Trainee: 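Provided herewith is a single structure, encoded as structure tokens, for subsequent inquiry.
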Amino acid sequence: MSSSDALDVVLRLVALFGVFLVFPLLVGQMEHKVMAHMQGRLGPMYAGGFHGWAQLVADGVKFAQKEDIVPAEADRRVFQLAPAVALLPYLLVLVAIPIGPGKAVGWYIDAGVFFVLAVMGVGVLGSLMAGWASANKFSLLGGLRTAAQLMAYELPMLLAAASVAMAAGTVSLPGILDAFHWWWVPWQIVGGLVFFTAGLAELQRPPFDMPVADSEIIFGAYTEYTGLRFAMFLLSEYAGIVVLCGLTTVLFLGGWHGPFGADGLGWVWTLLKTAVLAFVVIWLRVSYPRLREDQLQKLAWTVLIPLALAQIALTGVVKVAIS
């Protein structure tokens with residue numbers, strides 16, 4: 001590798017790391033403001049003065065001040081490692097998501113679809129490790145619910161992504177965008193809804209937050225966590241929102257394709273679509289109550305998986321008709 005290539009790799013990694021540190025915090029700040037407006041919450045609108053701009057800073061200071069506690073009976077090494085296992089996979093996924101045409105991607109991966117879905121699945125292990133290592137029956141129950149939810153929703157997510165890969169004839173994320181046509185949007189919309197819904201369930205976002213049902217199991221796998229370790233779990237949730245919305249944008253909404261100057265402003269369209277989807281994630285949290293465990297499983301196995309299979313069948317029919 002030449003020095004110029006090495007410098008290019010370093011600059012891309014630094015840019016990705018900056019995005020990884022900034023964008024989840026922006027989503028967290030947006031959640032404060034959106035929920036404050038939708039539910040009439042006064043607190044998040046007053047911190048720091050104008051529109052509560054310092055709310056995120058106040059949260060950071062609060063987490064930093066809290067005592068770092070490890071339960072006496074916990075598996076100490078696993079307990080301490082779990083937050084990092086939950087957070088770091090989303091950094092790896094960002095490497096493969098293209099935000100614009102050409103070289104606007106951290107690293108070109110031929111099997112990008114399989115890579116991002118496999119690595120996102122690893123992130124759920126952080127919750128499993130936290131629940132098992134906490135020596136708390138409520139945390140263990142939350143970890144088991146996380147495992148059941150992962151098993152139920154990983155399949156429809158993979159099937160929905162496979163439909164787009166079949167349509168494009170490639171499993172490379174930049175390749176899918178190169179093959180994209182606008183008439184794909186109404187054709188693949190069912191697969192997009194399945195993918196987005198299954199992604200929310202994997203992130204344990206409301207209304208799919210049974211593993212952290214505070215009225216039943218306190219706070220699930222994260223009950224015993226305090227301070228910065230708990231903050232890392234929250235950061236992993238917001239990083240997951242960024243990744244899920246970015247992937248949905250790339251796979252189903254055309255990514256950097258836009259009506260005006262896609263080549264020059266491609267990254268703007270990608271970020272705009274991702275931000276709109278992040279708003280939808282927050283909107284769903286405010287609008288819908290938590291599903292029961294049986295309702296959650298029934299939705300995956302009797303609704304999402306049949307819809308994903310129907311989308312694949314439709315894709316096959318359309319591909320045959322076109323060819």
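Residue numbers run from 1 in the order of the sequence given. Please read all numbers here as calculations on a predicted model, not as lab measurements.
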Trainee: Show which side-chain atoms of residues 56-65 pair as donor or acceptor with protein atoms under 3.5 Å away, not counting sequence neighbours.
Mentor:
unit_1	atom_1	unit_2	atom_2	d
Asp59	OD1	Gln55	NE2	3.2
Asp59	OD2	His32	NE2	2.8

Trainee: Any heavy-atom pair between the side chains of Leu277 and Leu253 that's under 4.5 Å?
Mentor: yes
Trainee: Apart from Tyr108 itself, what residues make up its hydrophobic cluster when side-chain heavy atoms of I, L, V, M, F, W and Y under 4.5 Å apart count as a link, directly or indirectly?
Mentor: none
Trainee: Within the structure provided, determine whether Arg229 and Val70 are in side-chain contact (heavy-atom separation under 4.5 Å).
Mentor: yes
Trainee: What's the shortest heavy-atom distance between Asn136 and Thr223, and which atoms?
Mentor: ND2-CG2, 4.1 Å
Trainee: Do Phe23 and Leu94 come within less than 4.5 Å of each other through their side chains, counting heavy atoms only?
Mentor: no
Trainee: Where do Phe230 and Phe219 land on the ring-ring contact (aromatic ring centres under 6.0 Å, His included) test, with the steps shown first?
Mentor: CA-CA 11 Å; Phe230 182 76; Phe219 206 67; 5.8 Å; yes
Trainee: Could you pull out all residues at least two apart from Ala198 that satisfy side-chain contact (heavy atoms from CB on, under 4.5 Å)?
Mentor: Tyr153, Pro156, Met157
Trainee: Glu202 versus Leu150: any side-chain heavy-atom pair under 4.5 Å?
Mentor: yes
Trainee: Side chains of Tyr222 and Ser134 only: does a donor on one sit below 3.5 Å from an acceptor on the other?
Mentor: no
Trainee: Any side-chain heavy-atom pair from Val281 and Cys245 closer than 4.5 angstrom?
Mentor: yes
Trainee: For the backbone of Gly220 and the side chain of Ser139, can you confirm whether one donor and one acceptor N or O come within less than 3.5 Å of each other?
Mentor: yes
Trainee: Would you mind listing the cluster partners of Met38? Hydrophobic ones only (ILVMFWY), side-chain contacts under 4.5 Å, chaining allowed.
Mentor: Met30, Val34, Met35, Phe279, Ile282, Trp283, Val286
Trainee: Pair up each side-chain donor or acceptor in residues 162-170 with any protein partner under 3.5 Å, not counting sequence neighbours, and list the distances.
Mentor:
unit_1	atom_1	unit_2	atom_2	d
Ser163	OG	Gln188	OE1	2.9
Ser163	OG	Thr315	OG1	2.7
Thr170	OG1	Ser172	N	3.1

Trainee: Hey, mind stepping through Leu173 and Leu247 against side chain to side chain contact (heavy atoms under 4.5 Å, CB included) and telling me if it holds?
Mentor: CA-CA 9 Å; Leu173 293 177; Leu247 283 177; 4.1 Å; yes
Trainee: Compare all side-chain heavy atoms of Trp184 with those of Val318 and state whether any distance is below 4.5 angstrom.
Mentor: no
Trainee: Run Ile189 and Phe252 through side chain to side chain contact (heavy atoms under 4.5 Å, CB included) and show every step you take.
Mentor: CA-CA 7 Å; Ile189 190 65; Phe252 299 96; over 6 Å; no
Trainee: Any side-chain heavy atom of Leu117 within less than 4.5 Å of one from Val113?
Mentor: yes
Trainee: List the residues meeting ring pair (Phe, Tyr, Trp, His ring centres under 6.0 Å) with Phe79, not counting sequence neighbours, and say none if there are none.
Mentor: Tyr225
Trainee: With side chains defined as the heavy atoms from C-beta onward, is the minimum distance between Phe208 and Leu284 less than 4.5 Å?
Mentor: no
Trainee: First locate atom CG of Leu87, then atom CZ of Phe20, and finally report the distance between them rounded to the nearest 0.5 Å.
Mentor: 4.0 Å
Trainee: Determine whether more than 12 heavy atoms belonging to other residues, nucleotides or ligands lie under 6.0 Å from atom CD of Glu73.
Mentor: no
Trainee: Is Thr226 reaching over with its side chain to a backbone N or O of Ile69, donor-acceptor style, under 3.5 angstrom?
Mentor: yes
